[in-house]
Structure formats: C-alpha cells, structure tokens
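Worksheet: one structure, shown below.
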Amino acid sequence: MTAAYSLYAKPGFAETTIERLCSEARISNRAFYECFGSQEELLQACHERCVDESLAVVSKAVQEAPNTLDDRVKAGIRAYIEFTTADWRRARIMHVEVRRSGDVLTLSRQRAIDAFARLVEDASADFVHPPGLNRRLVALGVVGALQELLIEWLHAEEPPPIGELVDVAAHIFIRSLGTP
C-alpha cells in the first residue's frame, strides 16, 4: 500500500507497473497477488482508504463546530482541505488519478462523491435552503466545486494558499446552501 500510495501519485497509475510496485515495496510478484487480485484492486484500496480517512476527519470537524451553517461549512471545508493537502499524494490520488484511471475507479469515485454529498446534506439539513432547489443537486455541485479547487492547487505553477482555497470554497458552499 505504501509503495502504491507514492507511485500512483507520481508517476501515476497508468505509468506504474506491478513489477515497479513490487520492486518499490521489496516484495515478489507472487506476494503482491496473494494480497491483491490486480493493480486496479490496489488502486481502489488506496483511494477508498484516502476517502474513508478524510470523511472521518470532516465528520468530526462538522460535529464539533458551533451549530450555525457558516461554522459547520467552514469547519468541514477547512478540515477537508487541510487533511487532503497535508500530503500531496493523497490529494493527487483522490482528485487526479481517480479521473485518469478511466473506468477503474468509476464506482469508487461515485461512492466517495455520494458520501461527501450526504455529509453536506446532513450538515446543512437544519438550516433554511434556497426555495425550489434540489438539496441533493446543490450538495453534488458544491462537492464538485471543491474538487476542482483542489485540482487547481495540484496543477498550478503557483498553487493558491490553503487559506484562500478554504475561503473560496466556504463562500461557494455558504452561498449555495444558505438562505437566498
């Protein structure tokens, strides 16, 4: 898992061979196949671990925040961005390689997006929402916006400061989820 975490982040899933993974991990190809059925299965395990860890961090931050929409949103976004960017490999696997891997992570990616959208819906359920808007679609939209901000952070020659990402994401979330 450790070797995959590094190699799938850079050079990337498509460029990583099982031989290279095994060499990096100092295990035999046979040992690899005793643990995983395929390289795709290993990528999925890496992705799901990143998602599960970040969901736990965000859920805790939201639960511990004061009971206002602004405070919950800011706490959750700050927790997610800080946790994800604390290790660029995690950010890259969750936001770049998940898309570059083709169909390999389609279901895993959809489960992750659904879990984060449900978290947004639950965290904002007690507050007034713009009338006539489907809360589920709004939650999906703000999750997608956050993903794009993190892709920008990963690819930009001069990445925006983390505080700026948090501020922009919080603005998008609050304006989308709050009262009109």
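- Residues Phe116 and Val51 approach most closely at CE1-CG1, 4.1 Å, considering heavy atoms.
- The backbone N or O of Ala14 sits nowhere less than 3.5 Å from a side-chain atom of Arg100 that would complete a donor-acceptor pair.
- At least one side-chain heavy atom of Asp87 sits under 4.5 Å from a side-chain heavy atom of Tyr5.
- In this structure the side chain of Ser101 never reaches within 4.5 angstrom of the side chain of Tyr8, judged on heavy atoms.
- Looking only at side-chain heavy atoms (C-beta outward), Arg109 and Gln44 stay at 4.5 Å or farther from each other.
- With a 4.5 Å cut-off on side-chain heavy atoms, Lys74 and Val166 do not count as touching.
- A salt bridge is defined here as a Lys NZ or Arg NE, NH1 or NH2 lying under 4.0 Å from an Asp or Glu carboxylate O, and Asp114 with Arg118 meets this definition.
- We find the OG1-CD distance between Thr84 and Glu53 to be 10.5 Å, quoted to the nearest 0.5 Å.
- With hydrogens and angles ignored, the 3.5 Å screen pairs no side-chain donor or acceptor of Glu24 with any backbone N or O of Ala3.
- Between Arg111 and Glu48 there is a salt bridge, since at least one side-chain N of the basic residue sits less than 4.0 Å from a carboxylate O of the acidic one.
- The backbone N or O of Leu7 sits less than 3.5 Å from a side-chain atom of Thr16, completing a donor-acceptor pair.
- A 4.5 Å side-chain heavy-atom check between Gln110 and Ile113 finds at least one atom pair inside the cut-off.
- A side-chain donor-acceptor contact under 3.5 Å links Arg89 and Ser6.
- Scanning both residues, Cys22 and Asn29, for their nearest heavy atoms gives SG-OD1, 3.4 Å.
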